[in-house]
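These notes concern the structure reproduced below.
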Amino acid sequence: MSTDLFRLDGKRALVTGATHGLGMAMARGLGRAGATLIVNGHSSQERIDAAVESYRADGIEASGYLFDVTDAEAVRQSVERIEAEVGPIDVLVNNAAVIERTPLLDMTVEAWKRVVETDLTGVFVMSQPVVRGMIERGGGKVINICSMMSELGRDSVGAYAAAKGGLKMLTRSMATEWGRHNVQVNGIGPGYFATDQTAPIREDGHPFNEWIISRTPAGRWGDPSDLEGAAVFLAAPASDFVNGHVLYVDGGILATIGRPQDA
Ligand code: GCO
């Protein structure tokens with residue numbers, strides 16, 4: 001099998017929310033496979049600059065752009081600027097997301113809207129201008145970062161699960177409409193990973209920490225680097241006939257009902 005199936009040399013990959021956490025890990029994997037990285041963040045230029053420096057220190061060509069994926073005009077202008085300054089976007093990784101851990105009965109409508117706007121609508125807003133260009137050029141790759149919560153509910157993450165469940169179906173809808181244009185749209189569903197986002201539920205002694213470890217067949221939290229291979233596969237020629245699929249990278253947690261503690 002040709003190793004070129006998993007190479008991205010000459011390709012440009014835009015990763016949203018790539019200044020830290022899982023987005024940074026996936027972007028680094030794409031860069032190590034040869035892609036030129038376009039790093040998006042929305043919080044600060046300083047954070048973007050630091051991330052770009054980190055990628056460049058790994059020998060990865062990278063540039064950074066500050067914009068909020070929920071702002072359609074900012075997204076349109078940024079895509080135009082990126083494609084003028086860096087070049088056409090071949091791979092889009094829709095990773096930017098927020099989470100709010102609040103029981104549904106206590107959650108404000110504003111908090112609900114913020115989660116759904118960023119985690120679901122933001123993917124729609126980001127994908128439109130990028131995919132129009134991909135179709136004009138004969139094809140491309142879109143990877144939507146779903147979640148275990150695309151399949152399962154959990155107390156206090158109702159808005160996030162609703163958004164990520166919707167993102168699974170948006171992924172399938174995008175695949176349906178854009179497959180005929182040689183645009184493959186797939187998802188990655190991370191399980192439980194050791195990042196800043198899960199730090200509050202991973203602290204030593206937190207009941208959730210031990211439970212997740214016992215509930216996951218791999219017996220551990222994921223390390224962000226565990227996602228690099230899935231990102232490269234779905235961005236590379238190796239996945240040219242894969243469309244509408246959500247690839248779960250979860251240590252097996254979705255495969256099992258679990259087992260009694262003393263079994
Ligand atoms: C939580 C976690 C999850 C994970 C991830 C699982 O509070 O349950 O934060 O949402 O972060 O999304 O795929």
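As the structure lists them, so they are numbered: ligands from 1, and atoms in each ligand from 1. Heads up: numbering here begins at 1 and tracks the sequence.
- Under a 4.0 Å N-O distance rule, the pair R202/E210 does not qualify as a salt bridge.
- Taking D250 as the reference, nothing meets the side-chain hydrogen bond (donor to acceptor under 3.5 Å, both in side chains) condition, with sequence neighbours excluded.
- One finds a salt bridge joining R32 and E228 here, because a Lys/Arg side-chain nitrogen approaches an Asp/Glu carboxylate oxygen to under 4.0 Å.
- Between K164 and D119 there is no salt bridge, since no side-chain N of the basic residue sits under 4.0 Å from a carboxylate O of the acidic one.
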For ligand 1, output the ligand-protein N/O contacts shorter than 3.5 angstrom; if there are none, return none.
| unit_1 | atom_1 | unit_2 | atom_2 | d |
| --- | --- | --- | --- | --- |
| ligand 1 | 7 (O) | R101 | NE | 2.7 |
| ligand 1 | 7 (O) | R101 | NH2 | 3.3 |
| ligand 1 | 7 (O) | R154 | NH2 | 2.8 |
| ligand 1 | 8 (O) | R154 | NE | 2.6 |
| ligand 1 | 8 (O) | R154 | NH2 | 3.4 |
| ligand 1 | 8 (O) | Y192 | OH | 2.8 |
| ligand 1 | 9 (O) | R101 | NH2 | 2.6 |
| ligand 1 | 9 (O) | Q197 | OE1 | 2.8 |
| ligand 1 | 11 (O) | Q197 | OE1 | 2.7 |
| ligand 1 | 11 (O) | Q197 | NE2 | 3.3 |
| ligand 1 | 12 (O) | S147 | OG | 2.9 |
| ligand 1 | 12 (O) | Y160 | OH | 2.8 |
| ligand 1 | 13 (O) | S147 | OG | 2.8 |
| ligand 1 | 13 (O) | M148 | N | 2.8 |
| ligand 1 | 13 (O) | P190 | O | 2.5 |
| ligand 1 | 13 (O) | G191 | O | 3.3 |

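- Using a cutoff of 4.0 Å between basic side-chain nitrogens and carboxylate oxygens, D90 and R137 are not scored as salt-bridged.
- A salt bridge does not link E117 to R114: none of the charged nitrogens lies less than 4.0 Å from a carboxylate oxygen.
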